[in-house]
Amino acid sequence: LQSSLCAVALSILTLFFICRKCGARSSVFQIRYFKTSSACRNEVITVKTPAFAESVTEGDVRWEKAVGDSVKEDEVVCEIETDKTSVQVPSPAAGVIEELLVPDGEKVEGGQALFKLRKGAVAAQAAEAPAAVAAPPPPAAATPPSFAASAVGPIPTTMPSVPPVPGAAISFFYFCFLSQVKMNRMRLRIAQRLKEAQNTCAMLTTFNEVDMSNISEMRKAYKDTFLKKHNIKLGFMSAFVKASAYALMDQPSVNGVIDDTTKEVVYRDYVDISVAVATPKGLVVPVIRGVEGMNFADIEKTINELGEKARKNELAVEDMDGGTFTISNGGVFGSMFGTPIINPPQSAILGMHGIFDRPVAIGGKVEIRPMMYVALTYDHRLIDGREAVTFLRKIKAVVEDPRVLLLAL
Ligand SMILES: *[C@@H]1O[C@H](CO)[C@@H](O)[C@H](O)[C@H]1NC(C)=O
């Protein structure tokens with residue numbers, strides 16, 4: 001079935017390309033006309049790769065614009081995907097993209113020349129060539145951004161002259177012919193780090209379960225007031241982050257790490273918690289700093305800001321550096337139970353899961369309670385079972401009855 005579908009699709013696509021070729025010729029002419037007429041008036045500038053953060057030296061370019069595209073000032077021209085995050089490169093001025101100096105998917109370093117921009121060329125085109133404006137817009141100039149956005153990964157090298165086609169045709173084309181996509185840098189780095197953790201640490205997981213009745217009640221009672229006062233929703237995450245900070249101060253080895261080069265244990269007297277956030281590009285772990293001194297509202301605000309940044313793809317490398325402990329919440333996807341992997345250079349990670357009503361024994365009777373399983377994966381080289389179990393029980397105690405925090409029990 002797939003091969004016959006592909007045959008049909010191929011013939012449709014071929015027809016489509018032939019038709020498009022006639023159209024493409026006129027658009028090439030238009031661009032050339034405009035180039036020669038405005039060459040003497042408009043300045044061409046070369047835009048360079050912005051400087052990366054300290055720990056990052058290079059990244060892969062993914063173009064959002066093509067040669068001939070008009071851009072506004074600050075409009076994103078390309079994205080550079082580094083090991084930790086994506087850096088968007090905006091246009092320094094309004095103009096037209098004259099030349100791309102690096103092929104799509106290629107490696108660049110900080111300060112390297114990226115593309116040439118003809119400044120102010122948009123206005124010149126409108127003023128000097130009214131006929132060109134009246135003519136139907138050249139399809140080649142209008143479609144490339146969406147083409148780049150829908151086709152994740154490099155454009156196939158075997159068909160470089162293929163003009164852009166609508167999204168549905170592209171997906172069908174890829175369904176038929178392409179199944180390999182280059183791993184992006186972030187995914188590569190994630191893979192490398194996870195494997196590194198497995199190879200280095202003696203990982204072990206301990207489990208417990210948390211009765212969410214009290215914290216749910218507290219949330220129900222105060223969520224409106226909380227929202228009014230702090231302009232933010234009260235979630236369950238703050239309780240777990242705060243409980244972790246409390247337990248980490250109580251069990252310093254869980255907050256420490258083995259330095260494998262010096263064979264020393266590094267203890268930290270502060271708690272910076274990485275919170276795993278899923279984004280379309282992969283998992284990112286922005287850090288909430290100084291959690292030991294924060295209250296629920298501070299934590300919720302910080303999580304919200306970091307989550308917003310992650311969704312907008314604006315997380316900087318600095319937002320993800322450091323971190324002494326990680327919390328991963330599989331509950332948002334409805335997970336019941338799982339074992340997380342340590343995020344190096346850390347020694348433990350807490351896995352939260354979904355809240356489900358379950359029958360539990362309370363004072364000799366079966367009751368239905370909203371329950372959550374929690375898992376703590378730890379590096380057994382540094383942390384003993386006693387510490388790990390005590391740590392997880394502390395989290396359970398705080399979340400089940402937050403008054404424990406106030407009384408420092
Ligand atoms: C909930 O809080 C009450 C006090 O209000 C406490 O007695 C009870 O043990 C708590 N529930 C759980 C499951 O810990």
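For clarity, every value in this text was computed on a predicted model and none was experimentally measured. Remember, it's 1-based here, ligands and their atoms both numbered in the order they're listed.
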Worksheet, complete the sentence: Heavy-atom nearest pair, M249 first then V271, reads SD-CG2, 3.6 Å

Discussion item. Just by distance, no angles: are the side chains of Q346 and T326 close enough, under 3.5 Å, to form a donor-acceptor pair?
Written reply: yes

Check ligand 1 for close polar pairs with the protein: N or O on both sides, less than 3.5 Å.
from, atom 1, to, atom 2, distance (Å)
ligand 1, 2 (O), N214, OD1, 3.3
ligand 1, 2 (O), N214, ND2, 2.2
ligand 1, 11 (N), N214, ND2, 2.8

Worksheet, complete the sentence: Closest heavy-atom pair, N329 versus M237, reported as atoms and distance to 0.1 Å, is ND2-SD, 4.1 Å

Fill in: Distance under 6.0 Å and angle within 45° of ring axis: R268 vs F325
no

Item to complete: Check whether the ring centres of F391 and Y378 lie less than 6.0 Å apart, and answer yes or no.
Response: no

Worksheet entry | Note: D379-R381 ion pair, threshold 4.0 Å (strictly below) | yes

